[in-house]
Amino acid sequence: MKFRPLPSSLALAGVLALTAGCGLIPGAGSDRRTVEIWLMEGSVSDDFLKRFVKEYEKDHPAVDLKVTFQPWTGIGKKVNAALDGQSPPDVIEVGNTQVAQYAESDALMDLTLESVRDLGGEDWLPGLKEPGTINGSQYGIPWYAANRVVIYNKDLFAAADIKEPPTTRDEWLEISEKLNTGKDQGIYLAGQDWYTLAGFIWDEGGDLAVERGGIWEGTLHTDEAMRGMEFYQELQSHGRGPKNADEQKPPQAEVFAKGDIAQMIAAPSHTAAIEKANPALKGKLGYFSIPGKTAEQPGAVFTGGSDLIIPEKADARAAAVEVVKALASERWQTDLARTMNYVPNKEALAGVIQGQESTAAMAAGAAAEGSRATPTSPKWADVEVDNPIKPYMTAVLTGGDSSRAARQASDKITSILSPG
């Protein structure tokens, strides 16, 4: 297989056609296969993909790989249409929280055997494994993780004589209060950053929703979940983040780039936007895992990332399984983590990113007890459309009745996940 020349940056905006056709290749013998792969824009670099394809095809001379990049916008409808069709791609990258909605239609291949026999699935990060597990069967194979850490301004820490990042929640509150002085904000935390809230709730032993006897129920009104919200409220008070907006309104990286905010909670990928907006901050940013209740381990975090799925009606299922096994293997997990600054799919591989402060902070958070993704209900995506968690958070932060607001949010989640 040979690469067709493409403009370097356009590969992530359109299609990287690595070969033509699908299934059997005419005139090439009945044993030759093409594996069609859909990856998401920006997931991997051109160089990583070229290395993988070249080495994989060298080791598997009867297989050609055809990789197409897909935009995230509208991907749900596109994947569902492909799964409903007669000739879907053989391998599809999907967000880890999307697996449940695709598996609901019985259109995905059950990869439980492969995950146990070949891939060491018992060691996968829970935040990647659990969303891909539906009713005890593994449909999504964890590929990589990314999650929130605390990004901090080293100059402001030094000015406040803070020499080390905090390792517990109590320490975090103390330094945030100390940093919140004059024109400087101790932390910028938007009032509706519900992904961050989820981690605090999990740290307290609560959840956003739970399934009981096949019925999903919202659980923001439980004591554990409300304790998580109380901590959020206290932390948020050490800055001037808006109480009625999420982290995108305005984009918090742009706010942080002004240089008068000591901390923000975000994925390290926000660094590029911060430094672009304010080049003077280059080299002045530090990273630490979100602190936990004790110093023994970091706090729980929402673990985002991607899984790999194989449609039940894929033309080259057997060959697709081998491709997925390769992408999820230690060899390519190591390459991907180092190339893209991702967290590998297993805690045991965290050592491959030693020395990368931001990625190491992510990996520690992803491996913390309680870290996970959103509830695995196939209807969770519907909750996020008109998210009742956001107005609940605003109500609490603006002095409303927290118990009443929490119960209303729980009831709304229940009605969406288990209508009728």
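Just so you know, residue 1 is the first one in the sequence shown, and it goes up from there.
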Practice item. Output, in order, the C-alpha distance, side-chain angles, deciding distance and verdict of side-chain contact (heavy atoms from CB on, under 4.5 Å) for L285 and E275. Key: CA-CA 9 Å; L285 302 181; E275 294 178 348; 4.3 Å; yes
**Study point:** Residues S410, Y392; criterion side-chain contact (heavy atoms from CB on, under 4.5 Å); working and verdict
**Key:** CA-CA 9 Å; S410 289; Y392 155 62; over 6 Å; no
**Study point:** Worked verdict on I310 versus V321 for side-chain contact (heavy atoms from CB on, under 4.5 Å)
**Key:** CA-CA 8 Å; I310 298 176; V321 168; 3.7 Å; yes
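Between R51 and W332, the closest side-chain pair of non-hydrogen atoms falls below 4.5 Å. Two residues are said to be in side-chain contact when any heavy atoms from C-beta on lie closer than 4.5 Å; Q263 and I151 fail this criterion. Contact check for L189 versus L235: side-chain heavy atoms found under the 4.5 Å cut-off. Using a 4.5 Å heavy-atom threshold, the side chains of I75 and W72 count as touching. Contact of the V324 side chain with the V91 side chain is registered, since non-hydrogen atoms from C-beta on lie closer than 4.5 Å. Side chains of N153 and I261 form no contact here, defined as non-hydrogen atoms less than 4.5 Å apart. Under the 4.5 Å side-chain criterion, counting only non-hydrogen atoms from C-beta, F157 is in contact with I175. Using a 4.5 Å heavy-atom threshold, the side chains of T376 and W216 count as touching.
Rounding to the nearest 0.5 Å places CG of D260 at 6.0 Å from CG of D184. The distance from atom CD1 of I92 to atom CD of Q98, rounded to the nearest 0.5 Å, is 10.5 Å. Here the straight-line distance linking atom OG of S418 with atom CD1 of I413 works out to 11.5 Å at 0.5 Å rounding. Atom OG1 of T359 is separated from atom CG of N341 by 4.0 Å, given to the nearest 0.5 angstrom. Annotation: the span from Q236 atom CD to L197 atom CG amounts to 11.5 Å, rounded to 0.5 Å.
For K293 and E204, the salt-bridge test passes: some basic side-chain N is under 4.0 Å from an acidic carboxylate O. K379 has no carboxylate O lying under 4.0 Å from a charged side-chain N of E104, or vice versa, which leaves the two without a salt bridge. Under 4.0 Å is where a charged nitrogen must lie from a carboxylate oxygen, and between E254 and K276 no such pair does. Ion pair R317/E312 flagged as a salt bridge, since at least one NZ, NE, NH1 or NH2 atom sits closer than 4.0 Å to an Asp/Glu carboxylate oxygen. We find that D203 and R169 are joined by a salt bridge, their nearest charged nitrogen and carboxylate oxygen being less than 4.0 Å apart. In this structure, K284 pairs ionically with D155, as a charged nitrogen and a carboxylate oxygen lie closer than 4.0 Å. In summary, D118 and K325 engage in a salt bridge, as defined by a charged side-chain N under 4.0 Å from a carboxylate O.
Between F200 and F231, the two ring planes are perpendicular [angle over 60°; tilted spans 30° to 60°]. Note on ring orientation: taking the six-membered ring where Trp is involved, the planes of F48 and W143 are tilted (angle from 30° to 60°).
Atom CD of E122 sits in a crowded spot, with more than 12 heavy atoms from other residues, nucleotides or ligands closer than 6.0 Å. Around the NZ atom of K412, the shell of radius 6.0 Å holds no more than 12 heavy atoms that belong to other residues, nucleotides or ligands. Other residues, nucleotides and ligands contribute only 12 or fewer heavy atoms inside 6.0 Å of the CZ atom of R404. Residue-environment remark: CD (E330) stays at or below the threshold of 12 foreign heavy atoms within 6.0 Å.
Ring to ring, W202 and F302 are not that close: their centroids are 6.0 angstrom or more apart. A distance of 6.0 Å or more separates the ring centres of Y287 and Y152.
Between the side chains of E93 and S43, at least one donor N or O lies within less than 3.5 Å of an accepting N or O. No hydrogens or angles considered: nothing links the side chains of N147 and T303 as a donor-acceptor pair under 3.5 Å. A donor and an acceptor atom, one from each side chain of Q138 and T112, are nowhere located under 3.5 Å apart. If you check the side chains of E171 and T167, you find a donor sitting under 3.5 Å from an acceptor. K78 and Q70 share a donor-acceptor pair across their side chains, judged by distance under 3.5 Å alone. Inspection of the T34 and D64 side chains reveals no N or O donor paired with an N or O acceptor under 3.5 Å. For the residue pair Q192 / T394, a side-chain donor-acceptor distance below 3.5 Å is found, with atom types taken as modelled.
Smallest separation of non-hydrogen atoms from A145 and L128: CB-CD1, 3.8 Å. Here the closest non-hydrogen pair linking L349 and Q333 is CD1-CB, 3.8 Å. Of all the heavy atoms in G132 and D307, the pair that sits closest is CA-OD2, 3.8 Å.
Without hydrogens or angle criteria, E211 side chain to P375 main chain gives no donor-acceptor distance under 3.5 Å.
Shown are E347, E130, R372; of these, the side chain to side chain contact (heavy atoms under 4.5 Å, CB included) with L125 is made only by E347. The side chain to side chain contact (heavy atoms under 4.5 Å, CB included) test with F52 is passed by exactly one of D335, L65, L336, V67: L65.
At least one test fails for R240 against the ring of Y188: distance under 6.0 Å to the centre or angle within 45° of the axis. The cationic group of K66 does not satisfy the cation-pi geometry with W38, failing either the under 6.0 Å distance to the six-membered ring centre or the 45° limit from the ring axis.
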